[in-house]
Amino acid sequence: MQKNERLILTAVDYSEQGVAVCKYEGFVVFVKGMLVGEVADVLIMRVNTRQAFGRLMEVIEPSKDRVEPRCPIAYQCGGCQLQHMSASHQAEFKQKHVTHLFDRQFATHPEVLPIISMEDPWFYRNKSQVPFEVKEELEYGYYRAHSHTILPFETCYIQNDESNQILKFIKDFYFEQSVKPVDLRHVLIKKAFATEQLMVILVHKTKTLPLMNELTSALLTQFPKIKAIVLNVNKKEDNVILGDKFIPLTLESTIEDRLGDFTFKISPSSFYQVNPVQAKVLYDNAVKFAQLKGMETVLDLYSGIGTISLFLAQKAKKVYGVEINPQAIEDAKANAESNHVSNVEFLVGDAKEAVRYFIEEKIHLDVILVDPPRKGLDKDTLDAIMTLSPDRLVYVSCDPSTLVRDCKLLEETYTVELIQPVDMFAQTYHVETVVLMSRTKK
Ligand code: SAH
C-alpha cells in the first residue's frame, strides 16, 4: 500500500474512538467519518508497517445509520467524533465498545445493560472552555483535531447556548473597542442548568486584562444570569488551562445548581459533571448499585464537591468523601451544611493515602464507591481497597479501558455483578460506565 493511493474500501469495525476500520491486503486502514458496512473511496494519507490512515473522499454505499452532522465543522473539529452517526448507532457503538472490552478480559461477565442515552442529545454541556487568540483580530474556537490551530465557531451544538452567546459577545466587545487582548488565553463558562446561573472565567497571562471593568459591566448588563466573573492568572505555557490565582471581578465567585433534592455550590476550579441531565441518571444508578439499607458506612473516593456523597448519605449511616482538590472539599463541606446533611465527613487528600488512613484507623467500610479520573486506579489504591474489603464496590468510570483493567485486577477478590453504560457525552466517543462488584473471597 502506498501513500496517495486511492482505494475502494469497506468498513468492518470501529476503533475505540469511533474511527472506521477497513481491511485491505493485510493492512488495517483507519478512516474517520466512515460507518461500518459502508463502501467508500479512500485516499491513503499515511502508511505504517501494518496500519494505514485514509481520508474519506466519497461514500459509495452509505449506511442507513449515516446522518448529516448538525454542526458545519463537525469533521474538522476535534470535539465531536460521532455526529455522522444516528443516535441509535452511537448507542450501539458505545454498547459494543464496552462489551468488547469486558469480553477481551473476562471469560465470563454479566451482560452489559443497555446504555442509557439522552432524549435530546444537543446543547447538553454545562461547561465550555474555549481557547482565544489574537491573530488579525481576537478569535476563538476549538482546536482542529490533533493540532493547536483554532477553528472558529459561532454555535457549538453540544454546548449550552448562553455560552455560545457569551463567547461571541466577548469577541465583539473587544472588536468594537478596537482593543486586542493578546494575553487572553481561554474563556471558561459554567452554567447551572437548574438555576440558570452563569459563571465566566477569563484566563489571562497577567492580572490585568485590558478593559477588565468595562467588560465585566458589559457582560453583567447583557447577561443578567451571570452571577460570577473571575479572572484567572496563568503565566505557564503548558497544557493546563487554569493557573493557581483567581481574582473575583464580581461580588460572587461561585454559582449554585440543583440536582435531585440537593443544591450544590460550584467554584471556578472544582469538578462538576458536565452533563447535568445524565449526571442525575448516573448518580441514581450508582446509588442503586450500592444497595444501601441505612446502616452502612460508605467511602466516596474521588468525591469532587460531594455530589455522590450526599446522594449516598440519604440511604447510609455514614459517608466519607475523599478528594485531592482542597477547594472542592471546601465546597463539599459547604454543600453538606447547606443541604442539612450531617452524616457525611469530607477529607482532603490523595486517594491512595486516604485508603491507607482507613486501614490504619481500622474504619470498617461496607461499600466503597470510586469515581477516578480517566487514568483509573493505581496499584496502591487497588491493593488498599482489597485490604479494606468492603462487601460492595461501585466503580464509576469515564474510561471503559481503565475500568476493565482495574476490574480485572480486582478479580481475585471481587466479581463483576452489573455493568451499566450511561451516555454522558453524546456526539463524542466517550462513554461513562457504572459497575457493581461484590466480594467473593474474604
Ligand atoms: N464524583 C465526583 C467527581 C469525579 S471527577 C462527581 O461526580 O462530581 C474525579 C475527581 O477526582 C476530581 O474532583 C479530582 O479533583 C479528583 N482527583 C483526581 N486525582 C485524585 C487523587 N489522586 N486523589 C483524590 N482525588 C483525586
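Values reported hereafter were calculated over all heavy atoms of this structure, with side chains retained and with hydrogens, waters and symmetry mates removed. In each ligand, atom 1 is the first atom listed, and ligand 1 is the first ligand listed.
Salt bridge absent: Glu337 and Lys333 never bring a charged side-chain N and a carboxylate O closer than 4.0 Å.
In this structure the side chain of His84 reaches within 4.5 angstrom of the side chain of Leu35, judged on heavy atoms.
The nearest pair of heavy atoms linking Arg405 to Lys375 is NH2-O, 2.9 Å.
By the neighbour-count criterion of 12 heavy atoms within 6.0 Å, atom CG of Asp244 is sparsely surrounded, having that number or fewer from other residues, nucleotides or ligands.
Side-chain rings of Phe153 and Tyr140 approach one another, their centers coming within less than 6.0 Å. For Phe169 and Phe223, the gap between ring centers is short of 6.0 Å.
If you look at ligand 1, the protein residues with a non-hydrogen atom under 4.0 Å away are Phe271, Gln273, Tyr283, Tyr302, Ser303, Gly304, Thr307, Ile308, Glu323, Ile324, Gly349, Asp350, Ala351, Asp371, Pro373.
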